[in-house]
Amino acid sequence: MKKTFLITGLVLAFLLVLSGCKGTTVQNIDNSGYISGSKVTTKKVERAIQKGAMRKGWSTKRIKTGLLEAKNNVRGKHLVVVNIAYDRKGYKISYKDSRNMNYDAGSNTIHKNYNKWIANLERNINYELSQIGVMGNTSATRKVTNIEPKSSAASTKNYKKADSSAISGKTIYIRNITPYSSGNRIAENIKAECTINEQLATFIKKFAQEQGLKVEYKNKPSSKDLFLDVKIVDAISQGGAFRGHSKFTSIEGRLVKGNKSYGSFKAARVSGGGFWGAYKGSCAVLGRTVEALGKDVALWLYSPMDNARLGDTGYIR
């Protein structure tokens, strides 16, 4: 009983961590009109940017005239890479790459500290520009631009909404191995050691057939096929046997035929491993999450609707 309470508590704590780890939108800084009236050379602007970057631990590399690449390796754990374009009139800072910053290419969100570090970088560049006589053009418009989210592959195409009653009794096709969404941040060891992408497809087909639905595998569906396009968006494995499991998997999908959409969903499941969780490996517990997701999707397929939220998505912001 105590062990059950412990695992339940760990799962709840994990949910709280997930809800509190929501990233912030990646921002680009446009100070292209910052320098005005000062007779400075492009070389002096470049040197001021390099010195400003160095003040906060950034290293810079000259890609070409007018473009620097700046890197900041924070405490040896978090890497941020930006491009800094510049000329005699000003400069721009734009996101290029990162490591261990929870960057999500689908929504273009990142750890909240990223924008703080970029703001500090901007502040120090402006300071070094002031040291070469640049006062800063207060009349120029400083732009902070949110990078536009990249829609996932399941939703990039423009679909026409269709009546789901028209597909009653039709065969639904799915891939036999569920692909991971583009830009996912799933750890490579999960992809290499676990088979959640195979399991998910198996569970969807199994539970859908138990609902009396016709589901078959087809990896290259035609525009005439009724196709369930599912992707694994995220999978997180924390804890372990005897320490308590905290596993999480999220997916998204859309039921389509040609350019018609019969519904879409996002789904997530969290698991602590169940009663015998202390004796299960990480892949086995992740397998429990995709089994639950398979049931969720099968129920949704019985009566598909648009923008449905399934499973534990209510706990995840």
Side-chain angles (χ1 to χ4, degrees), residues 104-109 148-186 191 196-236 248-270 286 289-317:
D104 185 343
S107 60
N108 274 302
T109 55
E148 290 297 322
K150 301 174 184 176
S151 299
S152 64
S155 59
T156 52
K157 186 176 178 180
N158 291 322
Y159 291 102
K160 295 180 181 179
K161 198 170 183 179
D163 184 0
S164 60
S165 63
I167 60 174
S168 178
K170 303 293 184 181
T171 299
I172 300 169
Y173 294 99
I174 63 172
R175 298 183 184 92
N176 65 340
I177 297 178
T178 307
Y180 297 103
S181 65
S182 60
N184 71 81
R185 55 183 183 180
I186 301 169
K191 296 178 182 178
I196 57 174
N197 52 347
E198 297 179 30
Q199 290 175 304
L200 181 60
T202 300
F203 286 131
I204 290 174
K205 181 179 179 181
K206 173 188 173 182
F207 293 123
Q209 289 178 338
E210 289 179 2
Q211 293 282 335
L213 301 173
K214 300 176 182 177
V215 177
E216 300 295 340
Y217 293 135
K218 195 170 190 179
N219 291 324
K220 294 183 179 180
S222 71
S223 59
K224 296 180 180 180
D225 292 322
L226 185 59
F227 177 59
L228 178 62
D229 188 10
V230 184
K231 290 179 175 58
I232 299 175
V233 176
D234 206 355
I236 298 174
F248 164 77
T249 306
S250 66
I251 63 175
E252 63 182 9
R254 184 181 293 275
L255 186 61
V256 300
K257 183 178 181 181
N259 67 345
K260 294 181 179 180
S261 172
Y262 297 93
S264 62
F265 67 83
K266 290 185 178 180
R269 280 292 181 178
V270 176
L286 279 171
T289 66
V290 294
E291 181 177 7
L293 287 168
K295 292 180 181 178
D296 294 333
V297 174
L299 289 171
W300 176 84
L301 278 173
Y302 191 78
S303 182
M305 63 179 67
D306 211 22
N307 297 316
R309 297 293 183 268
L310 313 177
D312 295 326
T313 52
Y315 294 106
I316 313 300
R317 290 205 299 257

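Keep in mind that this is a model prediction, so the values were computed, not measured.
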Of all residues at least two apart in sequence or in a different chain, which pass the side-chain hydrogen bond (donor to acceptor under 3.5 Å, both in side chains) check with Ser250?
-> none
Output for pair (Leu301 CG, Phe207 CZ), nearest 0.5 Å, gives 13.0 Å
Donor-acceptor pair, Asp296 side chain versus Leu310 backbone, under 3.5 Å?
-> no
Report yes if the side chains of Thr249 and Asp234 come closer than 4.5 Å at any heavy-atom pair, otherwise no.
-> no
Restricting to pairs with a member in residues 249-268, which pass ring-ring contact (aromatic ring centres under 6.0 Å, His included), not counting sequence neighbours?
-> Phe265-Trp300
Mind listing the closest non-hydrogen atom pair of Ser261 and Arg254 along with its distance?
-> OG-NH1, 3.0 Å
Side-chain heavy-atom pair Ile251, Val297 within 4.5 angstrom cut-off = yes
What pairs with Lys191 under salt bridge (Lys or Arg N to Asp or Glu O under 4.0 Å), at least two apart in sequence or on another chain?
-> Glu188
Across all chains, not counting sequence neighbours, the salt bridge (Lys or Arg N to Asp or Glu O under 4.0 Å) partners of Asp104 are none
Indicate yes or no for a side-chain donor-acceptor contact from Gln209 to the backbone of Val215 under 3.5 Å, with no hydrogens or angles considered.
-> yes
Applying side-chain contact (heavy atoms from CB on, under 4.5 Å) to Thr202 and not counting sequence neighbours gives Tyr217
Leu213 and Tyr302, any side-chain heavy atoms less than 4.5 Å apart | yes
Calculate, to the nearest 0.5 Å, the distance between atoms OG and CG belonging to Ser264 and Leu255 respectively.
-> 10.0 Å
Criterion side chain to side chain contact (heavy atoms under 4.5 Å, CB included) on Lys266 and Asn307, from CA distance to verdict = CA-CA 7 Å; Lys266 290 185 178 180; Asn307 297 316; over 6 Å; no
Residues at least two apart in sequence or cross-chain that pass side-chain hydrogen bond (donor to acceptor under 3.5 Å, both in side chains) with Lys214, listed by chain then number, are none
Search all heavy atoms of Val230 against all heavy atoms of Leu200 and return the closest pair with its distance.
-> CG1-CD2, 4.2 Å
List for me each residue that meets side-chain contact (heavy atoms from CB on, under 4.5 Å) alongside Ser222, sequence neighbours excluded, and say none if there are none.
-> Lys224, Asp225
Under 3.5 Å donor-acceptor pairs involving side-chain atoms of residues 172-180, not counting sequence neighbours:
residue	atom	partner	partner atom	Å
Arg175	NH1	Asp229	OD1	3.0
Asn176	OD1	Asn219	ND2	3.1
Thr178	OG1	Asn197	O	3.4

Just wondering, are more than 12 heavy atoms of other shown residues or ligands nearer than 6.0 Å to NZ in Lys218?
-> yes
Starting at NZ of Lys206, measure out to CD of Gln211 and round the result to the nearest 0.5 Å.
-> 12.5 Å
Sequence neighbours excluded, the answer for salt bridge (Lys or Arg N to Asp or Glu O under 4.0 Å) partners of Lys205 is Glu216
Heavy-atom closest contact (Ile204 atom, Ala298 atom, distance) | O-CB, 4.4 Å
